[in-house]
Student: 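Have a look at the structure that comes next, please.
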Amino acid sequence: MNCADASFPVSFLFPQNPLCALWLNDFMSKALPKRSENYSEWYNEIVKRADLAENSAVRGCMVIKPYGYAIWEKMQRALDDMFKATGHQNAYFPLFVPKSFLEKEEEHAEGFAKECAVVTHYRLKANPDGKGLIVDPNAKLEEELIVRPTSEAVIWNTYKNWIQSWRDLPLLINQWCNIVRWEMRTRLFLRTTEFLWQEGHTAHATENEAIEEAERMLEVYATFAENWIGLPVILGLKTPNERFAGAIETYCIEAMMQDGKALQAGTSHFLGQNFAKAFDVKFVNKENQLEFAWATSWGVTTRMIGALIMAHSDDNGLVLPPKLAPVQVVIIPIYKTPEDLATISEKVNPLFEELKAAGISVKYDDSEHQRSGWKFAEYELRGVPVRLGIGMRDLENGTVEVARRDTLSKESKPIDGIVQHVRLLLDEIQENIYNKALKFREENTFMVDTWDQFKEQIEKGGFLMAHWDGTAETEAAIKEETKATIRCIPLLSAEMAGKCVYSGKDSAKRVVFARAY
RNA sequence: CGGGGCGUAGCACAGCCUGGUAGUGCGCUCGGUUUGGGACCGAGAGGCCGCAAGUUCGAAUCUUGCCGCCCCGACCA
């Protein structure tokens with residue numbers, strides 16, 4: 001940040017004035033940038049100040065800090081349970097993909113070629129000309145290894161040995177791991193060179209079964225996004241142009257962020273027999289005939305944390321959905337003397353245990369090196385859904401101050417029955433932030449029927465529901481002129497014939513256009 | 001890879017133009033007063049001024065080279 005940043009108008013008045021810097025320092029130590037003034041700066045600051053992640057010493061790679069990682073762990077837990085409930089098992093495949101594997105499925109290879117990290121040597125040695133280490137030229141690998149950008153190649157090479165009979169199918173495997181895609185420009189959680197994800201890879205005996213699987217997992221993702229993240233999503237199909245490299249069909253869930261831009265929150269692919277053919281994975285069917293297996297793959301990434309932030313948070317900081325909040329309830333004592341604190345703690349300790357017993361993750365912050373006001377602001381910044389404040393006055397009245405993060409409202413409640421109240425409140429917050437996000441999306445989704453309307457609206461942001469003639473040429477032309485892409489062809493909307501917003505040709509249904517992350 | 005900007009304390013920055021004891025705020029340590037929405041006062045600790053070479057009696061400051069990072073574009077979950 002510098003003094004010429006447009007979000008700080010004062011700096012324009014006194015760009016040379018050292019007070020400008022002092023003022024900024026003071027300002028920055030407290031308030032966040034405002035969403036309305038500088039959305040991306042607001043996002044970056046939330047990630048850092050809420051202690052979720054930071055840039056690492058390694059270009060393009062992030063350090064996910066404990067608080068951010070705790071959110072990922074909660075996401076993993078919920079998703080993993082859902083994968084298990086739909087019959088999947090976890091396994092682990094190698095980080096390295098021999099180049100020859102990656103080459104086998106041609107479209108796949110082409111799609112990923114330009115963003116691969118390549119291992120060429122297996123040894124370093126002392127630099128004979130001075131300090132440090134150099135790559136040992138005698139340790140060149142016979143075949144280069146690619147750091148996995150995705151694991152279809154390694155996995156289908158393995159499946160070849162696992163699949164012989166229809167009895168071996170379906171094969172339903174998932175893995176949690178890291179992957180590397182060499183990105184030009186990165187942003188914490190949204191796009192980094194290395195990121196964490198899960199990738200499901202399944203093999204089936206029939207085309208229909210594989211398509212059902214791809215759609216089933218899309219449903220799982222949608223359920224997770226809506227019920228856990230509180231993020232309303234549109235289920236859809238990608239256009240051929242936006243498809244995963246090597247897929248027959250790519251399904252996706254698309255969400256709207258608070259700046260009106262779209263973010264893809266998960267994808268599921270029907271891969272047909274492309275990988276089975278590339279890796280020669282055949283099975284004998286019930287009629288004793290050899291057939292290629294049918295495949296799917298599906299994944300969600302740490303990008304969902306970015307989606308979570310951008311969907312719900314406000315100018316005071318992070319707003320976490322209770323189901324994914326590492327700390328759901330924080331209790332803050334308000335006291336003057338150590339004796340008061342002891343008295344308050346006596347009352348809080350059983351309450352703390354009771355909340356814990358009710359399955360609520362609760363933190364009692366009785367640390368003495370920060371004042372209560374500081375704690376209020378800090379936990380607000382970190383998005384803790386519910387805050388309970390207890391002071392001497394409350395002890396006299398038998399009350400607790402209950403503050404909710406989503407509405408920033410406070411009320412005094414009797415301490416008796418507070419656990420039940422908190423439990424209901426957490427549910428209410430979970431529901432409220434979903435409804436808020438849904439309302440926002442609805443208010444920023446527009447039916448657009450003319451090209452002029454399209455060009456005007458896209459500048460203001462949001463989802464544009466418009467007819468498209470189905471050609472790649474039109475799709476490319478629209479992208480070229482407006483930077484808007486077809487986010488998806490919605491699965492659940494009815495066919496309703498019309499005319500393409502760009503070419504005027506016939507169109508069967510509206511698709512979702514937006515600028516995207 | 002093209003265009004722009006920046007490297008000075010843990011963080012954010014001033015100082016550089018015009019060379020001469022390295023500064024400010026936040027944070028940190030200690031002491032005191034405070035404490036229902038980011039307290040205040042006092043005393044401290046903390047620096048190869050990105051790296052290297054050059055100019056000079058003297059370089060954070062001038063010159064040259066290198067390295068790194070950030071922003072804007074093309075690519076992308």
Side-chain angles (χ1 to χ4, degrees), chain A residues 1-5 11 16-32 40-41 44-45 48-49 54-60 111-116 149-150 179-187 189-199 221 238 242 244-245 250 252-254 262-269 297-307 316-317 332-338 340-341 344 368-381 387 389-395 397 399-401 403 408 410 412 479-480 483 485 516-517:
Chain A
M1 166 132 3
N2 60 56
C3 285
D5 192 291
S11 62
Q16 300 305 317
N17 187 343
L19 284 175
C20 163
L22 299 184
W23 177 81
L24 275 180
N25 285 335
D26 187 51
F27 181 84
M28 284 176 59
S29 68
K30 297 194 167 74
L32 284 166
S40 66
E41 193 63 28
N44 291 337
E45 282 298 311
K48 287 180 205 154
R49 302 257 295 271
E54 61 187 36
N55 281 306
S56 71
V58 185
R59 177 211 276 269
F112 283 102
K114 55 192 174 300
E115 50 183 353
C116 286
T150 180
I179 58 177
V180 167
R181 294 182 186 175
W182 213 265
E183 298 293 346
M184 295 291 129
R185 296 189 54 206
T186 60
R187 287 191 75 191
F189 290 120
L190 299 176
R191 175 163 304 110
T192 47
T193 299
E194 180 192 16
F195 55 95
L196 305 182
W197 79 343
Q198 60 65 218
E199 47 180 329
Y221 288 158
K238 284 293 185 191
E242 301 265 335
F244 176 77
T250 287
C252 64
I253 50 173
E254 291 284 332
L263 186 131
Q264 179 178 310
T267 52
S268 176
H269 316 289
S297 69
W298 28 274
V300 295
T301 76
T302 36
R303 175 187 256 194
M304 285 191 304
I305 298 174
N316 295 303
I332 296 175
I334 298 145
Y335 61 94
K336 289 190 168 70
T337 65
D340 287 354
L341 176 59
I344 292 166
E368 292 176 68
H369 55 276
Q370 299 293 5
R371 295 150 45 106
S372 53
W374 189 91
K375 292 176 187 174
F376 293 168
E378 183 66 12
Y379 290 106
E380 218 157 82
L381 184 61
R387 183 183 78 231
I390 302 185
M392 295 307 281
R393 219 156 61 207
D394 290 300
L395 291 193
N397 303 335
T399 56
V400 179
E401 184 189 74
L408 292 169
K410 293 189 284 197
S412 193
K479 184 178 180 185
E480 176 67 27
K483 289 182 179 156
T485 50
Y517 277 97

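Lettering of chains follows the sequences in order, A, B, ..., and the numbering in each one begins at 1.
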Student: B/C69, OP1 or OP2 - any side-chain N/O from A/Arg59 closer than 4.0 Å?
Tutor: yes
Student: A/Thr192: what forms a side-chain hydrogen bond (donor to acceptor under 3.5 Å, both in side chains) with it, not counting sequence neighbours?
Tutor: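 side-chain hydrogen bond (donor to acceptor under 3.5 Å, both in side chains) list for A/Thr192, sorted by chain: empty.
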Student: Could you tell me whether the side chain of A/Lys410 has a donor or acceptor atom within less than 3.5 Å of a complementary atom in the base of B/G37?
Tutor: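 Looking at the base of B/G37, it does pair with a donor or acceptor on the side chain of A/Lys410 (distance under 3.5 Å).
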Student: Quick one: A/Ile179 CD1 to B/A77 C1', roughly how many Å, whole number?
Tutor: 7 Å
Student: Using the P atom as the reference point in each nucleotide, state the distance between B/G54 and B/U61 in Å, no decimals.
Tutor: 14 Å
Student: A/Tyr379: which residues meet the ring-ring contact (aromatic ring centres under 6.0 Å, His included) condition with it, sequence neighbours left out?
Tutor: none
Student: Could you report the tightest heavy-atom contact between A/Ser372 and A/Ile334, atom names first, then the distance?
Tutor: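 Answer, listing the atom of A/Ser372 first, then A/Ile334: CB-CG1, 4.0 Å.
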Student: What is the nucleic acid contact for A/Gln264, judged by heavy atoms within less than 4.0 Å: base, sugar-phosphate only, or nothing?
Tutor: sugar-phosphate
Student: Could you tell me whether A/Leu263 contacts a base, only the sugar-phosphate backbone, or nothing, with contacts defined as non-hydrogen atoms closer than 4.0 Å?
Tutor: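 Nothing, no nucleic acid heavy atom in range.
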Student: Map A/Lys114 and A/Leu395 onto RNA chain B by nearest heavy atom, then report which one ends up closer to the 5' terminus.
Tutor: A/Leu395
Student: If we take the P atom in both B/A43 and B/C51, what is their distance in whole Å?
Tutor: 33 Å
Student: A/Thr193: which residues meet the side-chain hydrogen bond (donor to acceptor under 3.5 Å, both in side chains) condition with it, sequence neighbours left out?
Tutor: none
Student: Of the nucleotides B/A77, B/A74, B/G36, which has the atom closest to the A/Glu401 side chain?
Tutor: B/G36
Student: Taking 5.5 Å and 30° as the limits, would you call A/Trp197 and the base of B/A77 a stacked pair?
Tutor: no
Student: Using atom CZ of A/Phe244 as one end and atom P of B/A77 as the other, report the distance to the nearest whole Å.
Tutor: 9 Å
Student: I'd like to check the ring-ring contact (aromatic ring centres under 6.0 Å, His included) partners of A/Phe195; sequence neighbours left out, ordered by chain and number.
Tutor: none
Student: Is there a side-chain contact between A/Tyr335 and A/Glu368, using heavy atoms and a 4.5 Å cut-off?
Tutor: yes
Student: Ignoring hydrogens, what is the shortest heavy-atom contact between A/Leu190 and A/Gly306? Give both atom names and the distance.
Tutor: CD2-CA, 3.9 Å
Student: Which residue lies toward the 5' end of RNA chain B, A/Ser40 or A/Lys336, if each is placed at its nearest nucleotide?
Tutor: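 First, find each residue's nearest nucleotide; the 5'-ward one identifies A/Lys336.
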Student: Only one of A/Val400, A/Asp340, A/Ile344 clears side chain to side chain contact (heavy atoms under 4.5 Å, CB included) with A/Leu395; which?
Tutor: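 Result: among A/Val400, A/Asp340, A/Ile344, A/Ile344 is the only option passing the side chain to side chain contact (heavy atoms under 4.5 Å, CB included) with A/Leu395.
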Student: Taking atom P in both B/C40 and B/C1, what distance in whole Å separates the two?
Tutor: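 Those two atoms are separated by 50 Å.
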Student: Roughly how far apart, to the nearest Å, are B/U29 and B/G73 at atom P?
Tutor: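 The same atom, P, in both gives a distance of 42 Å.
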Student: Can you identify which nucleotide, out of B/G38, B/C75, B/G36, has its nearest atom closest to the A/Met184 side chain?
Tutor: B/C75
Student: Categorize A/Thr192 for me: base, sugar-phosphate, or nothing, with a 4.0 angstrom heavy-atom threshold over every strand shown.
Tutor: base
Student: Give the stems involving RNA chain B, where a stem is 3 or more consecutive Watson-Crick or G-U wobble pairs (i with j, i+1 with j-1, and so on) under 3.5 Å.
Tutor: B:1-7 with B:67-73, B:10-13 with B:23-26, B:28-33 with B:39-44, B:50-54 with B:62-66
Student: So does A/Glu254 pair up with A/Lys238, basic N to acidic O under 4.0 Å?
Tutor: yes
Student: Please state how far atom CG in A/Leu190 lies from atom P in B/C75, giving the value in whole angstrom units.
Tutor: 18 Å
Student: So what does A/Ser372 hit on the nucleic acid, given a heavy-atom distance under 4.0 Å: a base, only sugar-phosphate, or nothing?
Tutor: sugar-phosphate
Student: Is A/Arg387 touching bases, backbone alone, or none of the nucleic acid, heavy atoms closer than 4.0 Å?
Tutor: base
Student: Might you list the N or O atoms of the protein lying below 3.5 Å from N or O atoms in nucleotides 28-31 of chain B, with each pair's distance?
Tutor:
none

Student: Base, sugar-phosphate alone, or nothing: which one does A/Asp394 contact when heavy atoms must sit under 4.0 Å apart?
Tutor: base
Student: In whole Å, what separates the P atom of B/U64 from that of B/A22?
Tutor: 26 Å
Student: Considering every strand and a 4.0 Å limit on heavy-atom distances, what is the contact class for A/Tyr517: base, sugar-phosphate, or nothing?
Tutor: nothing
Student: Looking at A/Arg371, does any N or O in its side chain come under 4.0 Å of the phosphate oxygens OP1/OP2 on B/A39?
Tutor: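 A/Arg371 to B/A39 OP1/OP2: side-chain N or O found under 4.0 Å.
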Student: In this structure, how many angstroms lie between the P atom of B/C26 and the CD atom of A/Glu378, rounded?
Tutor: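 It works out to 17 Å between those atoms.
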Student: Kindly compute the distance separating CG (A/Asn44) from CZ (A/Arg187), expressed to the nearest 0.5 Å.
Tutor: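 If I round to the nearest 0.5 Å, the distance is 5.0 Å.
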Student: In whole Å, I'd like the distance from the CD atom of A/Glu242 to the P atom of B/A77.
Tutor: 8 Å
Student: What is the distance from CZ of A/Arg187 to P of B/C70, rounded to the nearest Å?
Tutor: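 My rounded result for the distance is 13 Å.
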Student: Using 30° and 60° as the class limits, which term best fits the ring planes of A/Tyr221 and A/Trp298: parallel, tilted or perpendicular?
Tutor: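 The rings of A/Tyr221 and A/Trp298 stand perpendicular, inter-plane angle above 60°.
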Student: Rounded to whole angstrom units, what separation is found between the OH atom of A/Tyr335 and the P atom of B/A39?
Tutor: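 Distance check: A/Tyr335 OH to B/A39 P gives 13 Å.
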Student: Roughly, in whole Å, what's the span from CG in A/Asn55 to P in B/A12?
Tutor: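 One finds 11 Å between P of B/A12 and CG of A/Asn55, rounded.
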Student: Would you measure the distance from the C1' atom in B/G32 across to the matching atom in B/C17 and give it in whole Å?
Tutor: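 Roughly 46 Å separates the two C1' atoms.
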Student: Using atom P in both nucleotides, what's the gap between B/U33 and B/G47 to the nearest angstrom?
Tutor: 32 Å
Student: How far does the P atom of B/C11 sit from the matching atom of B/G2, given to the nearest Å?
Tutor: 30 Å
Student: Any heavy-atom pair between the side chains of A/Thr150 and A/Phe112 that's under 4.5 Å?
Tutor: yes
